[in-house]
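One structure is given below, encoded as structure tokens.
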Amino acid sequence: MRREYSLRRNKEFRYVYKRGKSVSDRNFTLIYVKTKTPHLKVGFSVSKKLGNSVERNRIKRRVKEAFFSMLDGVSKKCLLVFVPKEHVKEAAFEEILLSVSRLLRQAGLLEN
RNA sequence: UGAGAAGGCCGAACGGUCGCCCGGUACAAAAUGUGCCGGGAGGAAAGUCCGAGCUCCGUAGGGCAGGACGCCGGGUAACGCCCGGUGGAGGCGACUCUAAGGAAAGUGCAACAGAGAUAUACCGCCUGAUGUAUGUCAGGCAAGGGUGGAAAGGUGAGGUAAGAGCUCACCAGAGCCUUGGCGACUUGGCUGCUAUGUAAACCCCGUCCGGUGCAAGAUUGAUAGUGGGCAUGAUGCGGCUGCCCGCCGCGCCCCAUGUAAUCGCUGGAGCCUAUAGGCAACUAUAGGCGUAGAUAGAUGACCGUUUUCGACAGAACUCGGCUUACAGGCCUGUCUCAAAAC
RNA sequence: GGAGAAGUACCCAAGUUUGGCUGAAGGGGCUCCCCUGCUAAGGGAGUAGGCCGGGGUAACCGGCGCGAGGGUUCAAAUCCCUCCUUCUCCG
């Protein structure tokens with residue numbers, strides 16, 4: 001279920017970085033591209049500067065968890081990349097939920 | 001009781017709701033989806049510092065070059081690792097640390113200082129001549145001064161013109177004999193009187209080493225793309241020229257590069273227990289166990305209980321070590337020192 | 001995941017081969033002067049180099065400092081070991 005929604009190859013990431021627009025707050029930068037076909041894909045790119053591999057995996061899991069909990073409301077016609085920032089490390093889960101939904105709304109991808 | 005020393009172990013647990021990765025199975029099956037069952041990170045998974053397996057390339061065999069290791073004996077698939085011992089250094093001690101072969105095979109280097117740096121005579125000391133301004137000349141000496149990291153064994157006594165292993169005692173070193181030991185080494189004795197340091201400088205001696213790292217490599221499909229080459233193979237087409245030889249161009253071909261999937265991918269020098277051998281590392285035998293395999297890369301969110309909310313940190317082909325990071329806690333009828341009591 | 005390379009003053013750096021008057025060349029920089037109506041560019045002259053301590057707080061003197069910590073050596077930026085950081089290459 002989750003596999004089909006994920007960005008796979010480095011090529012796909014590069015495509016999003018090149019063509020995408022971005023919105024950000026203190027926790028994330030969200031880079032997005034609107035597409036014509038309805039196939040949603042998401043990637044999570046955590047910089048090595050944010051910590052060691054344990055810390056980076058933890059950030060990725062928490063952000064994934066937050067995003068997939070609101071999956072039903074998100075438009076299917078887009079490609080997304082979340083880039084977490086330093087501040088996420090101390091953030092509570094509710095704060096992550098809040099800023100994910102705020103960024104999606106800013107990008108105009110959240111329906112309802 | 002206080003202060004230490006040594007060795008070993010653990011490194012949050014349990015329950016509930018939703019969710020992730022792999023395998024098996026049932027149902028529907030084109031893709032896959034759903035249900036059930038089972039499994040799912042570490043003592044360092046880390047650094048990539050050594051040693052192997054495995055892979056492809058190279059290779060008759062041997063040598064040179066280059067690199068690694070270096071007290072002795074043993075263990076191991078192997079090692080730069082481990083165990084036991086020897087010498088040295090530190091500690092009152094339990095004990096710890098130790099790149100620890102050769103400087104008497106040869107070469108290089110040792111700045112500055114100092115008279116002199118592997119050899120010497122500046123200040124000196126002594127004798128003789130000359131001479132009386134206590135200097136000059138010739139010879140002897142290396143004890144004292146000064147410089148330096150280092151100045152031709154050290155300390156004391158005898159000896160002497162002054163001195164010197166010149167002689168003697170003790171200590172240190174070298175060679176020979178000898179006691180014990182497989183050996184490093186050690187016990188005792190004799191001889192002679194000395195030989196600066198540096199080999200983590202070149203080097204000598206002994207032992208070992210081909211390169212490459214799973215992004216290795218293999219298979220299948222797709223594209224028959226892009227760049228280069230006509231050296232080789234094959235002689236298909238065109239040209240020089242009507243034919244043969246020859247030459248040139250294109251294509252087959254050869255080389256490089258580019259895309260996807262599958263395999264490699266986990267059962268291995270494996271782990272646990274018992275017995276036997278060994279001081280030990282470890283080995284042998286018997287019985288038992290089945291223990292991640294992802295590919296943008298699997299453990300989270302919320303809640304409850306355990307009084308304390310908890311370190312360093314995430315497998316990526318696999319093993320054996322080393323090194324580095326680490327909250328807190330536990331174990332040993334272990335050992336040492338100090339004080340007190342018996 | 002694997003294979004390498006580098007780290008020297010505020011910046012760019014030479015020196016590491018063959019250890020020694022190298023706190024460390026040189027350039028940028030900074031200060032002053034010339035040029036110009038003024039500036040930039042250009043030309044000329046000069047200058048301190050970091051931290052700690054002592055000094056009239058000036059000249060100057062001593063110690064430590066070449067990514068960090070150990071070791072070899074009389075002596076280490078240089079030789080050896082361990083660790084840290086940055087960069088490059090391999091599909």
Side-chain angles (χ1 to χ4, degrees):
Chain A
M1 175 202 176
R2 206 177 260 189
R3 183 65 62 77
E4 61 183 307
Y5 292 122
S6 70
L7 274 176
R8 306 296 288 284
R9 294 277 144 199
N10 195 19
K11 217 174 165 183
E12 297 177 315
F13 274 82
R14 280 207 303 269
Y15 176 82
V16 175
Y17 286 133
K18 200 172 175 184
R19 297 296 190 78
K21 297 176 177 178
S22 70
V23 287
S24 66
D25 68 354
R26 65 207 298 231
N27 291 320
F28 305 102
T29 302
L30 171 61
I31 304 168
Y32 63 97
V33 178
K34 292 182 182 174
T35 56
K36 290 174 182 171
T37 52
H39 192 84
L40 179 65
K41 278 191 170 186
V42 202
F44 303 89
S45 176
V46 187
S47 163
K48 231 171 187 177
K49 287 174 189 170
L50 294 191
N52 56 33
S53 59
V54 174
E55 184 66 24
R56 291 201 304 275
N57 271 338
R58 202 176 74 87
I59 292 167
K60 215 188 274 182
R61 281 195 303 263
R62 282 158 66 97
V63 178
K64 270 184 191 173
E65 183 74 30
F67 177 78
F68 283 103
S69 71
M70 59 185 75
L71 184 63
D72 293 341
V74 180
S75 162
K76 297 289 181 287
K77 295 182 180 180
C78 60
L79 301 173
L80 303 173
V81 176
F82 283 92
V83 183
K85 296 183 183 176
E86 191 79 20
H87 191 263
V88 195
K89 292 203 287 191
E90 293 95 52
F93 186 68
E94 289 166 19
E95 193 186 340
I96 295 173
L97 276 173
L98 211 78
S99 65
V100 168
S101 66
R102 189 166 51 224
L103 288 174
L104 285 171
R105 198 163 288 127
Q106 260 183 51
L109 299 170
L110 205 59
E111 297 160 352
N112 82 346

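The figures that follow rest on heavy atoms only: side chains count, while hydrogens, waters and symmetry mates do not. Convention: sequence-line order gives letters A, B, ...; per-chain numbering from 1.
- With a 4.5 Å cut-off on side-chain heavy atoms, A/R61 and A/R58 count as touching.
- Figure legend. B/G38 is base-paired to B/C22; pairs are counted as Watson-Crick or G-U wobble with both atom distances under 3.5 Å.
- In this structure, the CG atom of A/L97 is 19 Å from the P atom of B/C18, given to the nearest Å.
- At the phosphate of B/G314, neither OP1 nor OP2 sits under 4.0 Å from any side-chain N or O atom of A/K60.
- Classification of B/A298 as anti follows from a glycosidic angle more than 90° from 0.
- Atom CZ of A/R58 is separated from atom P of B/G19 by 22 Å (rounded to the nearest Å).
- The glycosidic torsion of B/U307 lies within 90° of 0, placing the base in the syn range.
- Nucleotides B/A327 and B/C322 have their C1' atoms positioned 26 Å apart, rounded to a whole Å.
- Atoms CD (A/E94) and P (B/C302) sit 7 Å apart, rounded to a whole Å.
- Between A/I96 atom CD1 and B/G300 atom C1' there is a gap of 11 Å when expressed in whole angstrom units.
- Anti is the classification of B/A184, since its glycosidic angle lies more than 90° from 0.
- Taking the side chain of A/F93 as heavy atoms from C-beta on, and the options B/A298, B/A301, B/G300, the nearest nucleotide is B/A301.
- Here B/A296 presents its P atom at 18 Å from CZ of A/F67, a figure rounded to the nearest Å.
- For C/G46, the base adopts the anti conformation, since its glycosidic angle falls more than 90 degrees from zero.
- Look at CZ on A/R56: it is 15 Å from P on B/U299, rounded to the nearest Å.
- Contacts of A/N57 with the nucleic acid, taken as non-hydrogen atoms under 4.0 Å apart, include base atoms.
- Under the Watson-Crick or G-U wobble criterion, with both distances below 3.5 Å, C/U85 is paired with C/A6.
- Pairing of B/G287, defined by two Watson-Crick or G-U wobble distances under 3.5 Å, is identified with B/C272.
- Across every non-hydrogen atom of A/D25 and A/K85, the tightest pair is O-NZ, 3.0 Å.
- B/C319 and B/G51 make up a base pair, with Watson-Crick or G-U wobble contacts both under 3.5 Å.
- Atom P of C/U72 sits at a distance of 15 Å from the matching atom of C/C81, rounded to the whole Å.
- Annotation for A/L104 and A/L30: closest pair CD2-CD2, 4.0 Å, computed over non-hydrogen atoms.
- When both pairing distances are held under 3.5 Å, B/U257 makes a Watson-Crick or G-U pair with B/G225.
- Annotated as anti: C/U39, whose O4'-C1'-N torsion sits more than 90° from 0.
- In this structure, A/Y32 and A/A107 approach most closely via the heavy-atom pair CE2-CB, 3.6 Å.
- Within the 4.0 Å cut-off from OP1 or OP2 of B/U299, at least one side-chain nitrogen or oxygen of A/R61 is found.
- Taking every heavy atom of both residues into account, A/V88 and A/I59 meet most closely at CG1-CG2, 4.5 Å.
- To the nearest whole angstrom, the two C1' atoms, one in B/U306 and one in B/A269, are 44 Å apart.
- When the P atom is compared between B/A294 and B/A215, the two are found 14 Å apart, to the nearest whole Å.
- Taking the C1' atom of each, B/C240 and B/C244 are spaced 14 Å apart, rounded to whole Å.
- Pairing for B/A129 is with B/U136, a Watson-Crick or G-U wobble pair whose two hydrogen-bonding atom distances lie under 3.5 Å.
- Separating the P atom of B/A325 from that of B/C309 is a span of 27 Å, rounded to the nearest Å.
- B/A104 and B/U127 have their P atoms separated by 41 Å, given to the nearest Å.
- Two residues, A/E55 and A/S45, neighbour RNA chain B, and the one matched to the more 5' nucleotide by heavy-atom proximity is A/S45.
- The ring pair (Phe, Tyr, Trp, His ring centres under 6.0 Å) test applied to A/F28 returns A/F82, not counting sequence neighbours.
- Rounded to whole Å, the C1' atom of B/U187 lies 9 Å from the corresponding atom of B/U178.
- In this structure, A/V54 and A/F44 both approach RNA chain B, and ranking their closest nucleotides by distance from the 5' end singles out A/F44.
- Closest approach of A/S45 and A/P84 over heavy atoms only: O-CD, 3.2 Å.
- Checking C/C30 for Watson-Crick or G-U wobble geometry (two distances, each under 3.5 Å) identifies C/G46 as its partner.
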